[in-house]
There are 2 protein chains.
Amino acid sequence: MDSPARPPYYARDNQGGSKARDGVSATPGFRPLYRQVYEYLVRQVSEGAWRPGEALPSEQALARELGVSQGTVRKALDALAVEGIMERRQGKGTFIAANTQERSLFKFFRLSRPGGERVTPQRGEEQVRRRAANQGDIARLGLSKGDKVVEIRRIRLVDGEPALFEMIVVPAAVFPDIENRAPLPNALYSLYQSDYGINITTAHEELKADLARKDDAAYLKLSLGAPVLQIDRLAVALDGRVVEWRVSRCDTRNFVYAVTLG
Amino acid sequence: MDSPARPPYYARDNQGGSKARDGVSATPGFRPLYRQVYEYLVRQVSEGAWRPGEALPSEQALARELGVSQGTVRKALDALAVEGIMERRQGKGTFIAANTQERSLFKFFRLSRPGGERVTPQRGEEQVRRRAANQGDIARLGLSKGDKVVEIRRIRLVDGEPALFEMIVVPAAVFPDIENRAPLPNALYSLYQSDYGINITTAHEELKADLARKDDAAYLKLSLGAPVLQIDRLAVALDGRVVEWRVSRCDTRNFVYAVTLG
DNA sequence: GAGTGGTCTAGACCACGCA
DNA sequence: GCGTGGTCTAGACCACTCT
């Protein structure tokens with residue numbers, strides 16, 4: 001299960017017979033079989049073995065191929081489905097989750113009307129430039145001095161009114177030539193997946209209140225000193241790399257940031 | 001599985017033999033067996049069949065008692081563990097999750113230092129009073145005109161400095177006599193569970209930026225017009241009732257609201 | 001009807017905690 | 001050593017989709 005390629009037979013962690021059962025039981029490095037299958041599949045997806053939206057082999061086929069039982073494959077696939085990496089459809093098959101625009105927005109775009117009704121943003125003005133990474137970029141994105149980044153600044157509208165002012169920084173090495181792809185789509189994570197094979201699976205956000213500065217005032221049509229909500233996000237790809245830093249500044253007179261805990 | 005009490009044998013949804021297999025297959029109302037076990041256990045917990053921290057019967061015992069296989073019970077228990085309602089410990093058993101102070105704070109208290117380091121609040125001044133529900137309470141908590149609520153206003157400190165100013169409203173009928181229990185613990189949800197049998201499982205929060213008003217300025221030692229983060233929370237109990245409305249106002253110079261999406 | 005995932009069962013063995 | 005949950009397997013049947 002740890003062999004690199006896509007082997008018809010493979011060596012298991014806990015070696016031997018056909019399960020993790022052979023007396024030895026080297027407790028420390030123990031990793032259950034279904035976990036190994038899970039990691040194998042994550043690796044395959046990271047390496048682009050299947051395209052988004054494409055179907056995987058059936059449970060039976062995978063089980064045969066990997067030499068484990070169908071139940072074990074199922075447990076791995078179920079976990080992947082829970083994490084939103086795959087999508088299972090009874091009667092049809094298991095598919096690599098396509099980060100469609102809507103899907104991606106639903107997951108990571110948390111602005112709503114007060115009361116809970118979700119809204120979807122439209123694209124506004126945007127500026128894209130390539131530049132050297134500064135200290136902040138280096139620390140957050142794990143870069144080295146001298147590395148290049150691409151910085152995107154854009155407005156996002158709701159019902160034609162500016163609602164959000166974003167600054168987005170990504171490593172140029174991870175998204176080659178992205179600075180020449182304007183106009184960028186509303187849901188960037190969709191583009192990251194389809195054009196760069198980068199699956200954003202989680203995002204860490206830190207929120208604070210601030211006062212409108214000159215930029216905010218101009219872009220969001222606010223007066224100086226009006227309250228703005230600042231959302232500072234680090235987006236993590238399937239392979240664990242932090243591949244985007246985003247700071248959004250938001251007028252919360254008409255919208256709120258909505259989240260469910262628990 | 002749908003019978004109310006705690007039956008040694010019970011009637012199944014999809015009736016008949018011993019699984020959901022008897023030709024009829026009335027597709028519409030289909031609910032898998034493990035789901036029925038799940039709902040049965042939720043009902044038991046809601047009704048206080050076991051105390052927080054107490055162990056449930058073993059998988060085998062439950063399976064025997066309910067007349068299903070161990071695997072089916074396991075699937076229900078695993079789901080309950082994922083939702084944090086139960087806690088499973090290999091070699092020991094399955095326990096009703098005890099909403100300890102730390103646990104409850106960890107789950108619902110989202111303030112951190114910028115960068116991610118978690119903090120824990122201390123109790124500050126508090127005022128508790130019983131009053132008639134107003135329109136806002138009625139709408140949010142699903143009450144009727146004339147119902148009573150208990151309102152708690154309190155400060156919470158971090159490192160001795162005021163960080164949070166909270167207004168908490170709960171239905172008096174759900175938490176009888178809570179107004180006479182001062183001083184209230186830091187983690188209220190722990191008290192709700194141990195003294196009232198109310199398990200808070202999820203919370204919906206809406207965040208916005210605002211400017212410090214007179215109250216904020218006084219309690220949080222801010223100047224008027226300083227930015228504050230407002231967190232508007234509805235807390236939902238295991239049985240689906242909204243049992244608390246809480247508005248927190250927060251000074252985010254030293255703290256941020258941290259959340260992970262995905 | 002064939003093929004897929006979804007549910008359910010039964011039984012074996014492993015890892016863990018405790019007496 | 002016993003009892004608990006955790007993993008793994010094998011096989012049956014159900015529900016869904018497409019042809």
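Numbers restart at 1 for each chain; the letters A, B, ... are given by sequence-line order, proteins then strands. Any value given below was found using the heavy atoms of this structure, including those in side chains, with hydrogens, waters and symmetry copies removed.
- In this structure, B/Leu56 atom CG and D/dG3 atom C1' are separated by 16 Å, rounded to whole Å.
- With distances taken from any side-chain atom of A/Ser69 to the nucleotides C/dA10, C/dT7, D/dA10, the minimum falls on D/dA10.
- Closest contact between the side chain of B/Lys92 and the listed nucleotides C/dG6, C/dC8, C/dG17 involves C/dG17.
- For A/Thr72, the listed nucleotide lying nearest its side chain is D/dC8; candidates were D/dG6, D/dT7, D/dC8.
- Atom P of nucleotide D/dG6 and atom CE of B/Met86 are separated by 13 Å, given to the nearest angstrom.
- Checking C/dG6, D/dG5, D/dT7 against the side-chain heavy atoms of B/Ser58 singles out D/dG5 as nearest.
- B/Arg64 has its CZ atom 12 Å from the P atom of D/dG3, to the nearest Å.
- In this structure, CZ of B/Arg31 is placed 17 Å from C1' of C/dC8, rounded to the nearest angstrom.
- Mapping A/Val73 and A/Gln90 onto DNA chain D by nearest heavy atom places A/Val73 at the nucleotide closer to the 5' end.
- At a threshold of 4.0 angstrom between heavy atoms, the contacts of A/Arg89 are confined to the sugar-phosphate backbone, with no base atom among them.
- If you check D/dG5, C/dT9, C/dG5 against the side chain of B/Thr94, the one that comes closest is D/dG5.
- Note: CZ (A/Arg88) to P (C/dT4) measures 12 Å, nearest angstrom.
- The base of C/dG5 lies outside donor-acceptor range of the side chain of A/Arg74, with no N or O pair under 3.5 Å.
- Between B/Asp232 and B/Arg246, none of the side-chain N atoms (NZ, or NE/NH1/NH2) sits under 4.0 Å from a carboxylate O, so this pair counts as no salt bridge.
- Atom pair A/Glu87:CD and C/dG6:C1' shows a separation of 16 Å (rounding to whole Å applied).
- The side chain of A/Pro32 lies closest to D/dC8 when the candidates are D/dC8, D/dG6, C/dC8.
- A salt bridge does not link B/Asp239 with B/Arg43: none of the charged nitrogens is closer than 4.0 Å to a carboxylate oxygen.
- Partner of A/Leu62 under the side chain to side chain contact (heavy atoms under 4.5 Å, CB included) criterion, chosen from A/Val37, A/Val68, A/Val73: A/Val73.
- The separation between A/Tyr34 atom OH and C/dA15 atom C1' is 13 Å, rounded to whole Å.
- When B/Leu77, B/Thr72, B/Asp78 are each tested for a side chain to side chain contact (heavy atoms under 4.5 Å, CB included) with B/Tyr34, only one passes: B/Thr72.
- One atom, CD of A/Gln70, and another, C1' of D/dA10, lie 10 Å apart when rounded to the nearest Å.
- Taking only side-chain nitrogens and oxygens, B/Lys75 comes nearer than 4.0 Å to OP1 or OP2 of C/dT7.
- Between A/Arg31 and A/Glu39 there is a salt bridge, since a side-chain N of the basic residue sits under 4.0 Å from a carboxylate O of the acidic one.
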